[in-house]
Amino acid sequence: MIYSKARVNASYFVFLPGYKPNVGIERIDNEELRSFFKIAQKFDDGSQFVVVLHNPDGFFSSSTLLRVVEFQNELSKLSCVKNVLSIINYAFKKPYFDGSTLDREILKDPEANSFISKDGEYLLLHCTLNRNCNEDRALQEVRQLIKSYQDLRGFLFGQIVINRELFREIVHQVFVYPAIIFLVILSIFYLQTRSLKASLVSLLVPVLANLIVYGLTTLIGMELNTMTVMCVSFLIVIGSAYGLHFYNGVVRFGDRVRKEMFRPIFFSMFTTAIGFLSFLFVEITAFRQLGLMVSSGLALVFLILFTSGYELLCDERKVRRETVLLRIKSERVGRVLLIISLVLVALTFALLPKIDVGMDQASYFSKDSQVARALRILTEEFSYREPVYIMIEKDALFTVKDSEIIRSILRDLRDLDGVSSVQFPATYPIPTLVMLSRFQPVINHFVADGRTIRIVLNITEEAYRKAGRLKHKLLEIVQKYPYRFTIASAAFVVDQINSQIIESQIQSLTLSLLLIFGSVLFAFKDLSLSFAIVVPVLLTALMNFFFMALLRLRLDVATSIVASILVGLVVDYSIHLAHDMRRTKDVFVSIENVSMPILANGLGLIGGFLVLTFSRLALFKNVSLLLILGISFGVLFTLFSQPLLIKKFANKIPKQKE
């Protein structure tokens with residue numbers, strides 16, 4: 001009953017500072033969104049998208065053009081479609097389409113750049129939906145229509161198309177991938193424990209925590225988005241490790257497991273939770289939600305294990321532990337790895353400037369996806385990335401004299417670097433356009449009434465990535481003219497989100513490192529030892545950026561969370577090693593005691609995140625790949641180089657009281 005009320009939001013608006021899930025997007029206190037919705041409401045627009053048509057022989061034959069006309073007419077008749085704008089009905093200065101033929105001179109007209117490619121092989125149909133229509137149903141109807149005109153080779157692109165694909169992947173992240181992750185980790189744990197029951201308990205506890213967390217978040221009105229949906233996989237992958245450590249404690253200590261394993265498991269959970277809780281101090285709401293959900297879920301896993309874990313596992317017989325012995329008496333491997341790590345970290349600082357920063361939802365999709373294919377065609381054939389809307393308002397009615405001023409504005413806009421084309425039917429005076437809008441619905445795309453008009457700019461890929469700079473230039477142009485201007489675009493919203501990424505990365509990573517160091521210092525009460533424990537954590541965080549540069553991954557809203565997560569995960573291994581040395585006073589004996597649990601833990605995490613690399617979205621692939629590489633480095637450093645660091649401080653570790 002509770003889960004039936006769950007809501008999913010695939011929009012990138014959830015990454016805006018100040019976004020609230022229970023408040024309508026139009027009510028968010030954000031200048032860019034206010035402008036966006038002000039124009040949409042004035043022109044009574046719903047969502048917009050483009051239909052890309054392709055013909056290798058071009059669209060100049062009468063038979064092909066008639067098929068396009070038929071398709072556009074059928075598209076316009078759909079109840080959800082408000083208007084369709086294309087070469088068929090756009091008011092060019094010179095008429096290129098006479099009803100059956102298309103003049104090739106259209107290819108030389110800059111105004112046609114947003115409708116037909118330079119070689120004439122691609123057409124764009126700009127579609128606007130009615131407000132408050134069912135977008136899923138609308139897309140389904142449009143796709144069905146495209147299938148019936150297969151000779152036109154049509155496909156879709158637009159924010160609602162991206163959102164729909166993201167929605168499907170969110171559903172997979174909740175139901176499909178966690179099930180596969182469960183089976184993969186179960187196999188890895190069984191190979192280490194030889195106990196099916198222990199392996200199942202280790203996994204079922206985080207599953208139960210997931211159910212509780214998602215039940216409570218649904219109850220209070222939180223929603224799933226591309227960030228919070230990862231909580232399901234994170235809890236299963238990370239939380240299952242605590243059950244494995246607890247079972248190894250049952251094998252080693254029997255009924256004393258709660259006393260002996262409380263500190264290492266608690267501080268492992270606590271430091272990992274700190275990595276996620278650091279997101280609470282970031283302005284992006286989706287970050288805060290993910291941090292709160294995962295950290296509370298991990299706390300639930302710990303609570304369930306220490307209240308019921310022993311009773312569930314006490315009857316498990318002890319199995320022969322075929323431990324992987326990692327006695328490195330020469331310490332040569334550890335020293336070599338330490339030197340390599342320091343060299344790579346030094347190299348990381350040189351590579352940092354080469355890491356691209358910024359969110360781009362289209363880049364979340366794999367290169368062979370329809371979204372990526374459509375984007376390549378739009379950028380390569382049309383120099384088109386995202387429309388920018390300029391709404392011009394006047395207190396009195398526009399006159400013929402105003403039409404001359406508007407033409408001057410259009411000339412200035414066309415000359416602006418980053419603007420690939422400008423749409424506005426300047427062939428007719430504005431008063432004439434107002435009258436035509438009563439009979440030709442397509443004119444309504446540019447004219448709301450006698451006092452309000454809209455110019456549409458199509459911008460290049462480069463301008464999209466520097467949208468903030470483009471907006472500044474646009475403001476410089478329009479401020480010279482005696483009208484009220486409202487400038488809006490999804491590109492400006494994305495640019496505002498991107499401006500928060502570096503700040504959020506620095507805030508969350510710095511805070512998590514400081515809190516984790518404080519927690520380790522509190523646990524071991526030794527400053528030098530605490531520094532030794534945190535060294536691999538710091539190196540892993542820096543190596544994350546080396547891997548990003550090496551793989552040419554962006555620092556975006558998704559990958560920016562990885563460093564803080566790795567900090568919380570990798571410190572667990574050092575804590576377990578240092579905690580065991582309180583008992584053994586011998587680093588090699590401790591390595592023998594904890595190497596297999598650490599290795600199994602690392603393999604479980606790697607195996608779990610490896611499943612997500614098969615996601616159709618590069619968004620989840622990139623996050624998972626960075627986590628896998630970071631965890632691999634952390635495990636290797638802990639098992640081979642960390643003993644060298646801790647050994648130096650071994651004589652300062654107080655003997656654990658019996």
Side-chain angles (χ1 to χ4, degrees), residues 48-76 81 83-128 139 142-159 161-162 362-363 365-387 414 418-423 442 445 456-464:
Q48 300 184 4
F49 61 93
V50 294
V51 178
V52 185
L53 302 181
H54 179 221
N55 189 332
D57 298 323
F59 288 89
F60 296 99
S61 69
S62 298
S63 58
T64 304
L65 274 175
L66 287 176
R67 290 289 287 172
V68 174
V69 172
E70 289 175 15
F71 174 79
Q72 181 165 329
N73 289 337
E74 292 296 323
L75 185 60
S76 301
V81 175
N83 59 55
V84 181
L85 193 63
S86 74
I87 57 169
I88 304 299
N89 57 0
Y90 184 77
F92 291 102
K93 294 178 182 178
K94 174 186 175 182
Y96 297 109
F97 178 66
D98 62 6
S100 60
T101 60
L102 184 66
D103 191 340
R104 286 184 177 272
E105 288 296 311
I106 193 174
L107 300 179
K108 300 178 182 179
D109 190 338
E111 200 170 4
N113 289 346
S114 55
F115 297 106
I116 186 168
S117 61
K118 294 178 181 179
D119 57 8
E121 292 186 12
Y122 292 91
L123 291 183
L124 284 190
L125 278 64
H126 299 262
C127 306
T128 303
L139 286 179
V142 174
R143 285 196 171 105
Q144 191 63 38
L145 182 62
I146 289 175
K147 286 182 180 179
S148 62
Y149 285 83
Q150 293 185 3
D151 55 311
L152 296 179
R153 298 177 176 85
F155 50 90
L156 304 175
F157 183 80
Q159 190 58 52
V161 179
I162 292 175
S363 66
F365 296 86
S366 58
K367 294 181 179 180
D368 58 347
S369 67
Q370 189 182 83
V371 170
R373 178 190 169 207
L375 180 60
R376 282 196 302 271
I377 292 172
L378 288 171
T379 54
E380 294 173 5
E381 303 293 339
F382 296 91
S383 296
Y384 171 93
R385 185 58 175 86
E386 193 73 38
R414 289 192 180 99
V419 175
S420 58
S421 61
V422 179
Q423 295 177 14
V442 69
H445 188 69
V456 181
L457 310 181
N458 292 323
I459 62 175
T460 64
E461 178 77 12
E462 184 179 356
Y464 176 83

**Study point:** side chain to side chain contact (heavy atoms under 4.5 Å, CB included) evaluation trace for T128 with V81
**Key:** CA-CA 6 Å; T128 303; V81 175; over 6 Å; no
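- Shown here for S421 and P110, the closest heavy-atom pair between the two residues is CB-O, 3.9 Å.
- Closest approach of E111 and Y90 over heavy atoms only: OE2-OH, 2.5 Å.
- S420 and T460 make their closest contact through CB-CG2, 4.1 Å (heavy atoms, listed as atom of the first residue, atom of the second, distance).
- S383 places none of its side-chain heavy atoms less than 4.5 Å from the side chain of N113.
- Put simply, the side chain of I377 does not reach to within 4.5 Å of the side chain of H54, judged on heavy atoms.
- Annotation: the span from L125 atom CG to L123 atom CG amounts to 7.0 Å, rounded to 0.5 Å.
- At a cut-off of 3.5 Å, with distance as the only test, no side-chain donor of Y149 or E74 sits close to an acceptor on the other residue.
- Atom-to-atom distance recorded for F59:CZ and E121:CD is 9.0 Å, nearest 0.5 angstrom.
- Counting only heavy atoms from C-beta outward, the side chains of K118 and E381 never approach each other to under 4.5 Å.
- No side-chain heavy atom of F49 sits under 4.5 Å from any side-chain heavy atom of I162.
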Point to revise | side chain to side chain contact (heavy atoms under 4.5 Å, CB included) between F157 and V371, intermediate numbers included | key: CA-CA 6 Å; F157 183 80; V371 170; 4.0 Å; yes
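- To the nearest 0.5 angstrom, L102 atom CG is 7.5 Å from L107 atom CG.
- By the 4.5 Å heavy-atom criterion applied to side chains, F115 and I106 are not counted as neighbours.
- Atom CG of N458 sits about 9.5 Å away from atom CD of E386, to the nearest 0.5 Å.
- A 4.5 Å side-chain heavy-atom check between I116 and Y96 finds every atom pair outside the cut-off.
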Practice item. Test side chain to side chain contact (heavy atoms under 4.5 Å, CB included) on I146 and V51 and set out the steps. Key: CA-CA 9 Å; I146 289 175; V51 178; 4.2 Å; yes
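- To the nearest 0.5 angstrom, R385 atom CZ is 13.5 Å from E462 atom CD.
- Judged purely by atom type and a 3.5 angstrom limit, S62 uses its side chain to pair as donor or acceptor with the backbone of S100.
- Pairing each heavy atom of A463 with each of G418, the nearest pair is CB-O, 3.5 Å.
- Taking CG of L378 as the reference point, atom OG of S114 lies at 11.0 Å (rounded to 0.5 Å).
- Other residues, nucleotides and ligands place no more than 12 heavy atoms under 6.0 Å from the CZ atom of R104.
- The main-chain N or O of E461 is never found under 3.5 Å from a side-chain atom of T379 such that the two would form a donor-acceptor pair.
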Practice item. Could you walk me through whether I88 and F97 pass the side chain to side chain contact (heavy atoms under 4.5 Å, CB included) test, one step at a time? Key: CA-CA 7 Å; I88 304 299; F97 178 66; 4.0 Å; yes
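- Between L156 and A374, the closest heavy-atom pair is O-CB, 4.0 Å.
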Just list the side-chain donor-acceptor pairs under 3.5 Å for residues 65-73, sequence neighbours left out, or say none.
unit_1	atom_1	unit_2	atom_2	d
R67	NE	D151	OD2	3.1
R67	NH2	D151	OD1	2.9
Q72	OE1	S86	OG	2.4
Q72	NE2	S86	OG	3.3
N73	ND2	V69	O	3.2

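- Proximity of H126 to H445: side-chain heavy atoms (C-beta onward) are nowhere separated by under 4.5 Å.
- V84 has its side chain within reach of S76: a pair of non-hydrogen atoms, C-beta onward, lies under 4.5 Å apart.
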